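Single-structure report; data block below.
Labels below follow one simple rule: chain letters A, B, ... track the order of the sequence lines, proteins then strands, and each chain is numbered from 1. Because the structure is a prediction, the values reported are computed rather than measured.
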Protein chains: 2
Amino acid sequence: MARTAGSHSDITGPRIREAALRLFAKHGYAAVSMRRIASEVGVQAGALYNYIPDKQALLFSLLKGHMDELLEAWEAEPHPADPLARLEGFVRFHIRFTLRRAESIFISYMELRNLEPENFAQIEALRSRYEGLLEQILRDGQAAGQLSVPDTRIAAFALIGMLTGVNTWYREGGRLSEEEVAALYWDMARKAVGAG
Amino acid sequence: MARTAGSHSDITGPRIREAALRLFAKHGYAAVSMRRIASEVGVQAGALYNYIPDKQALLFSLLKGHMDELLEAWEAEPHPADPLARLEGFVRFHIRFTLRRAESIFISYMELRNLEPENFAQIEALRSRYEGLLEQILRDGQAAGQLSVPDTRIAAFALIGMLTGVNTWYREGGRLSEEEVAALYWDMARKAVGAG
DNA sequence: GCTTGATCTGAACGCACGTTCAGATAAACA
DNA sequence: TGTTTATCTGAACGTGCGTTCAGATCAAGC
């Protein structure tokens with residue numbers, strides 16, 4: 001028994017990442033062994049090391065990939081000139097992302113502390129950039145007189161905290177659709193920043 | 001070398017809980033060993049088992065203790081008849097608790113998944129009770145016509161998410177005092193639920 | 001059909017884990 | 001002062017960890 005028929009690098013590689021993402025989200029990085037990930041992929045633990053240098057690099061790669069995808073996806077969104085429309089776009093975008101990439105969002109909040117310092121700093125920088133995007137929208141809206149918050153920085157944190165919170169209660173197939181959730185949160189977010 | 005002079009049960013016990021809380025919050029339950037906790041207390045790992053049956057029980061005890069303290073502290077607060085005042089009380093109470101018991105709040109969100117099923121169910125029930133308190137306030141406020149939210153349940157989740165988010169950025173001795181943070185969040189929370 | 005190279009197995013490495021326990025120690029009490 | 005008892009040590013247990021690697025296997029190119 002050795003290599004299973006029909007298995008290839010371009011299949012196993014992604015499957016390792018998918019399995020790791022799912023298991024890390026469910027049990028936590030430290031609680032998931034390489035053997036467990038390998039078994040989920042249908043492979044021996046040693047085979048993982050054809051694809052990743054070590055466990056830490058696997059975690060970092062997942063978090064980095066997530067943040068890159070998040071920022072790129074935001075860039076690809078339409079960015080209306082009107083600050084309030086841009087804010088609505090951000091809220092809806094963030095909700096959508098949070099619901100569709102629930103596991104990625106989850107581990108990128110939970111597993112930060114399991115990153116080695118250099119890795120942590122990199123992810124933290126990307127996160128700050130993302131938070132900065134929202135803060136800039138709020139500043140523009142403030143300057144345009146469309147909204148009023150006492151502190152744009154804190155307001156950005158508050159909004160992101162509020163929006164990201166959906167993944168603590170949202171379950172697919174539940175009472176509310178993604179669109180309904182987005183509408184509810186946009187209503188509250190809009191009011192919260194005084195754009196009644 | 002055996003028992004260190006002057007050490008007693010009523011000192012070691014709490015110190016174990018304090019060390020475990022701090023270490024779990026910083027590195028995560030699965031990443032912290034019993035030997036590490038013991039060394040923090042200045043004791044050998046075996047000595048821990050004079051105070052707790054096992055590691056899981058230690059985690060559960062910390063989370064249960066936190067939830068009990070949270071609910072009891074809320075009961076001890078004044079509960080004005082006016083729903084809007086009660087909402088303000090809740091927001092300020094939650095911010096205060098989140099800032100002062102940062103580590104407890106942190107692990108009671110992060111380490112839920114490391115609880116065995118029966119333990120998880122217990123903590124989850126207490127958490128639901130706490131969320132229910134806020135939802136009831138929102139319903140009362142709605143009935144009194146003082147605020148307007150499309151969905152009290154979701155609004156409760158959104159507010160708690162927003163408020164709890166402070167512990168992702170707040171650092172003691174930073175730019176804002178606890179009182180200033182509370183004021184900022186109360187301003188946004190009040191507007192968010194349409195009590196402009 | 002042979003060779004090559006990518007892919008995987010299976011066993012092994014040293015290490016750290018949670019937990020147990022017999023024995024040592026010192027504080028408390030007679 | 002002698003005895004008791006709560007408290008802690010230090011070593012040990014079986015287990016599973018992340019990682020390495022020599023050798024087996026199979027797909028592809030000639």
Side-chain angles (χ1 to χ4, degrees), chain A residues 1-21 23-24 26-63 107 111 113-119, chain B residues 1-24 26-63 107 111 113-116 118-119:
Chain A
M1 286 158 268
R3 176 182 186 182
T4 306
S7 58
H8 297 300
S9 170
D10 47 346
I11 295 182
T12 306
R15 294 224 321 173
I16 289 173
R17 294 172 57 85
E18 286 157 21
L21 175 60
L23 292 172
F24 287 167
K26 189 160 187 184
H27 306 287
Y29 171 75
V32 173
S33 70
M34 296 301 271
R35 285 172 176 81
R36 177 88 185 269
I37 297 172
S39 130
E40 203 85 357
V41 176
V43 111
Q44 293 297 318
L48 301 184
Y49 292 85
N50 290 325
Y51 301 93
I52 45 150
D54 52 38
K55 193 187 181 190
Q56 167 76 199
L58 177 54
L59 174 61
F60 175 68
S61 158
L62 289 175
L63 295 192
I107 68 166
E111 304 299 352
R113 60 186 170 179
N114 287 309
L115 288 175
E116 286 159 9
E118 327 81 82
N119 291 339
Chain B
M1 283 159 273
R3 178 179 184 188
T4 306
S7 59
H8 297 299
S9 171
D10 47 348
I11 296 181
T12 305
R15 293 225 320 171
I16 290 173
R17 294 172 55 86
E18 286 156 20
L21 175 60
R22 185 159 25 87
L23 292 172
F24 288 167
K26 190 160 185 183
H27 306 287
Y29 172 76
V32 174
S33 70
M34 297 300 270
R35 284 171 177 82
R36 177 89 185 268
I37 297 172
S39 130
E40 204 86 357
V41 177
V43 111
Q44 292 296 318
L48 302 183
Y49 293 85
N50 290 325
Y51 302 93
I52 45 150
D54 52 37
K55 193 187 180 190
Q56 168 75 199
L58 177 53
L59 174 60
F60 176 67
S61 159
L62 289 174
L63 295 192
I107 68 167
E111 304 300 351
R113 60 186 169 181
N114 287 309
L115 288 175
E116 286 158 8
E118 327 81 83
N119 291 339

Considering only heavy atoms and no angle criterion, is a donor-acceptor pair shorter than 3.5 Å present between the side chain of A:Arg35 and the base of D:dG18? yes
For DNA chain C, whose closest nucleotide is more 5', that of A:Val43 or that of B:Ala31? A:Val43
Whole-Å distance separating the OH atom of A:Tyr49 from the P atom of C:dG10: 18 Å
Side-chain contact check for B:Lys55: nearest option of D:dC8, C:dG18, C:dT7 is C:dG18
So, taking the atom named CD in A:Glu116 and the one named CG in A:Leu59, what distance separates them when rounded to the nearest 0.5 Å? 9.5 Å
Atom CZ of B:Arg15 and atom P of D:dT7 are separated, to the nearest Å, by 15 Å
Could you pull out every donor-acceptor pair under 3.5 Å between side chains of residues 39-48 of chain B and any protein atom, sequence neighbours left out?
{"residue": "B:Glu40", "atom": "OE2", "partner": "B:Arg22", "partner atom": "NH1", "Å": "2.8"}

Measure from CE on B:Met34 to C1' on C:dT19 and round the result to the nearest Å. 8 Å
Using whole Å, what does the distance between atom P of nucleotide D:dT7 and atom CD1 of B:Ile11 come to? 11 Å
N-O pairing of B:Glu111 and A:Arg113 below 4.0 Å: yes
Quick check on D:dG16: is either OP1 or OP2 less than 4.0 Å from any side-chain nitrogen or oxygen of A:Ser33? no
Minimal non-hydrogen separation, B:Phe60 against B:Leu115, with atom names: CA-CD2, 4.0 Å
Atom CD of B:Gln44 and atom P of C:dG18 are separated, to the nearest Å, by 14 Å
So what does A:Val32 touch, heavy atoms closer than 4.0 Å: a base, only the sugar-phosphate, or nothing? sugar-phosphate
D:dG18, C:dT9, C:dG18: which one has an atom nearest the side-chain heavy atoms of A:Ala47? C:dT9
Under-4.0 Å side-chain N/O to phosphate OP1/OP2 contact, B:Tyr51 with D:dC8: yes
Donor-acceptor contact below 3.5 Å, side chain A:Tyr29 vs main chain A:Gln56: yes
Rounding to an integer number of Å, can you tell me how far B:Ile52 CD1 sits from D:dT7 C1'? 15 Å
With respect to the side chain of A:Thr12, which nucleotide from C:dC8, D:dT7, D:dG10 is positioned closest? C:dC8
Would you mind reading off the distance between B:Leu48 atom CG and C:dC21 atom C1', rounded to a whole angstrom? 15 Å
Can you check the A:Ile37 CD1 to D:dG16 P distance for me, whole Å? 17 Å
